[in-house]
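Structure, as structure tokens:
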Amino acid sequence: MSRYDELRDALRAGEPLALATVVEGPNLGAKLLVRPDGQASGSLGDANLDRVVARDARGELEAGLTSTRHYGAHGEARERDVSVFIESFALPPRMIIFGAVDFTAALAKVAKVLGYRVTVCDARAVFATVLRFPMADEVVNDWPDRYLAKVGEELGPRDAICVLTHDHKFDVPAIAAAVKTGVGYLGAMGSRRTHEQRTQRLRDAGLTDAEIARVMSPIGLDIGARTPEETAVAVCAEVIALRTGRRAQSLRDTAGPIH
Amino acid sequence: MKEVLDDIERWRTSGHRVAIARVVGIEGSSPRDPGATMAVNDAGEVAGSVSGGCVEGAVVQEALAILAGEKQRGIVTFGYSDDEAFAVGLTCGGTIHLFVEPLDW
């Protein structure tokens with residue numbers, strides 16, 4: 001099987017892997033495919049270079065990064081004989097939406113457009129059905145805290161949790177479990193009044209100020225969103241802004257590079 | 001890469017040869033990140049994109065030259081400066097480095 005065939009099959013099967021290509025230097029175009037466990041196939045033309053690049057590619061894959069790195073001919077650091085383009089095909093980031101409400105369907109749709117693997121989770125089996133959320137990758141009938149006890153450890157900085165239940169009975173345990181995960185975004189829906197009451201309940205439940213400060217609540221950017229669809233845009237825009245570390249303003253009112 | 005797999009498969013099945021161009025580096029403002037991929041077959045058909053439409057035409061020429069054996073695989077750089085207003089470049093002012101190669105691997 002050629003390197004390309006192996007790459008194509010892995011991408012189609014949704015398996016994460018990294019493709020390293022020599023883009024400058026000897027053996028131009030040589031390829032190394034690296035799996036998350038460090039297993040590699042192909043060669044860049046030097047065993048030591050292969051070993052070093054496989055190690056780096058594994059790290060890039062874990063972080064979901066793609067970049068060109070420079071090495072000596074045998075993989076030495078701080079040399080520039082060989083430039084290797086390491087392209088990560090990481091699993092898509094996840095968005096977990098707690099609460100099977102009208103806003104959920106719209107948010108799931110917009111999140112899908114952005115490339116998220118979307119899970120809708122609600123304890124109420126009548127509401128959380130595949131029929132109501134055909135756009136979701138997964139619909140789970142479970143209590144949010146119980147679900148996070150199962151999958152929480154797998155979540156990282158690229159992932160997002162949105163709590164849309166705005167019912168304290170579900171919200172508080174969901175948020176309490178969510179702040180223990182490593183997600184990059186945690187938002188909770190509700191009016192300013194709901195937010196005040198919920199914050200107090202979270203404090204009563206033993207969450208620290210730092211944990212409470214992680215929660216984007218009320219959820220979303222201030223763009224005057226009203227409908228579920230507009231709200232979904234406001235939430236996703238906030239997810240992006242938090243990831244990029246931008247204070248979301250109109251481009252017209254800011255200076256500096258757009259990307 | 002994912003978004004061009006189906007086209008590549010179709011082209012190869014019907015006997016076309018294929019070149020791929022990937023963004024491997026960017027400087028300054030640039031619309032697509034490293035990894036953005038465009039595939040070109042020997043009939044000049046295109047899938048995917050590597051910029052906001054600014055350099056795609058030039059990339060097709062590059063890819064066809066490689067498929068015709070007139071050029072070797074390698075890095076091609078597109079940039080833009082104020083005194084080159086009519087040269088091929090990115091209107092957003094950035095520079096992109098592409099690696100263009102035949103799909104022979």
Side-chain angles (χ1 to χ4, degrees), chain A residues 1-33 41-45 57 60-61 63-70 80 82-92 115 243-244 251 255-259, chain B residues 1-13 16-39 47-48 50-52 54 63 66-67 71-77 80 90-105:
Chain A
M1 188 188 276
S2 74
R3 291 290 87 73
Y4 174 77
D5 289 347
E6 188 182 344
L7 175 68
R8 178 202 58 207
D9 291 353
L11 293 181
R12 289 212 164 136
E15 298 165 9
L17 84 174
L19 170 66
T21 306
V22 174
V23 295
E24 274 176 315
N27 301 304
L28 197 62
K31 303 277 186 305
L32 188 72
L33 279 175
S41 67
S43 175
L44 305 181
E60 295 280 274
L61 183 54
L65 296 173
T66 286
S67 69
T68 299
R69 288 166 168 258
H70 308 282
R80 298 180 72 92
V82 189
S83 300
V84 179
F85 178 57
I86 301 175
E87 186 172 7
S88 288
F89 300 98
L91 292 178
R243 190 194 71 216
T244 56
L251 288 167
I258 290 181
H259 303 290
Chain B
M1 183 72 89
K2 269 178 216 171
E3 66 280 8
V4 298
L5 290 180
D6 288 347
D7 288 298
I8 291 178
E9 210 59 19
R10 194 161 42 78
W11 293 340
R12 293 182 119 192
T13 309
H16 286 294
R17 287 182 309 121
V18 179
I20 60 172
R22 287 181 288 161
V23 176
V24 297
I26 54 177
E27 289 150 39
S29 185
S30 149
R32 299 290 308 270
D33 284 328
T37 300
M38 183 171 147
V50 289
S51 72
C54 321
I66 286 172
L67 288 174
K71 276 193 170 179
Q72 297 297 307
R73 56 165 35 98
I75 287 185
V76 186
T77 296
Y80 175 86
L90 300 169
T91 49
C92 43
T95 299
I96 57 173
H97 305 282
L98 302 168
F99 186 69
V100 191
E101 60 175 345
L103 187 45
D104 58 0
W105 41 279

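Atom set for the values below is all heavy atoms of this structure, side chains included, hydrogens, waters and symmetry mates excluded. The chains referred to below are lettered A, B, ... by the order of the sequence lines, with proteins before strands, and numbering in each begins at 1. Remember, predicted model here, so these are calculated numbers, not experimental data.
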Inset, instruction - Pick one of side chain, backbone, both or neither for A:Leu65, based on which atoms fall under 4.5 Å of a heavy atom in chain B. - result: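 For A:Leu65, neither part sits under 4.5 Å from chain B.
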Inset, instruction - Would you please go through residues 11-19 of chain A and name the residues with a non-hydrogen atom below 4.5 Å from one of chain B, in numerical order? - result: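 The list, in residue order, reads A:Leu11, A:Arg12, A:Leu19.
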Inset, instruction - Please round to the nearest 0.5 Å and tell me the distance separating atom CZ of A:Arg3 and atom CG of B:Leu103. - result: 13.0 Å
Legend entry - NZ on B:Lys2 to CG on A:Leu7, rounded to 0.5 Å: 10.0 Å
Legend entry - Atom group of B:Ile26 that falls short of 4.5 Å from chain A, counting heavy atoms: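 Neither part.
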Legend entry - Check: A:Thr66 side chain, B:Pro34 main-chain N or O, donor-acceptor pair, under 3.5 Å: no
Would you say that [X] contacts [Y] through its side chain, given a criterion of any heavy-atom pair below 4.5 Å between the two side chains?
X: B:Arg12; Y: A:Tyr4; value: yes
X: A:Leu28; Y: B:Gln72; value: no
X: A:Glu87; Y: B:Thr37; value: yes

Legend entry - Non-hydrogen atoms of A:Phe85 and B:Val23 that approach each other most closely: CZ-O, 3.3 Å
Legend entry - Check against side-chain contact (heavy atoms from CB on, under 4.5 Å), B:His97 and A:Thr68: CA-CA 10 Å; B:His97 305 282; A:Thr68 299; over 6 Å; no
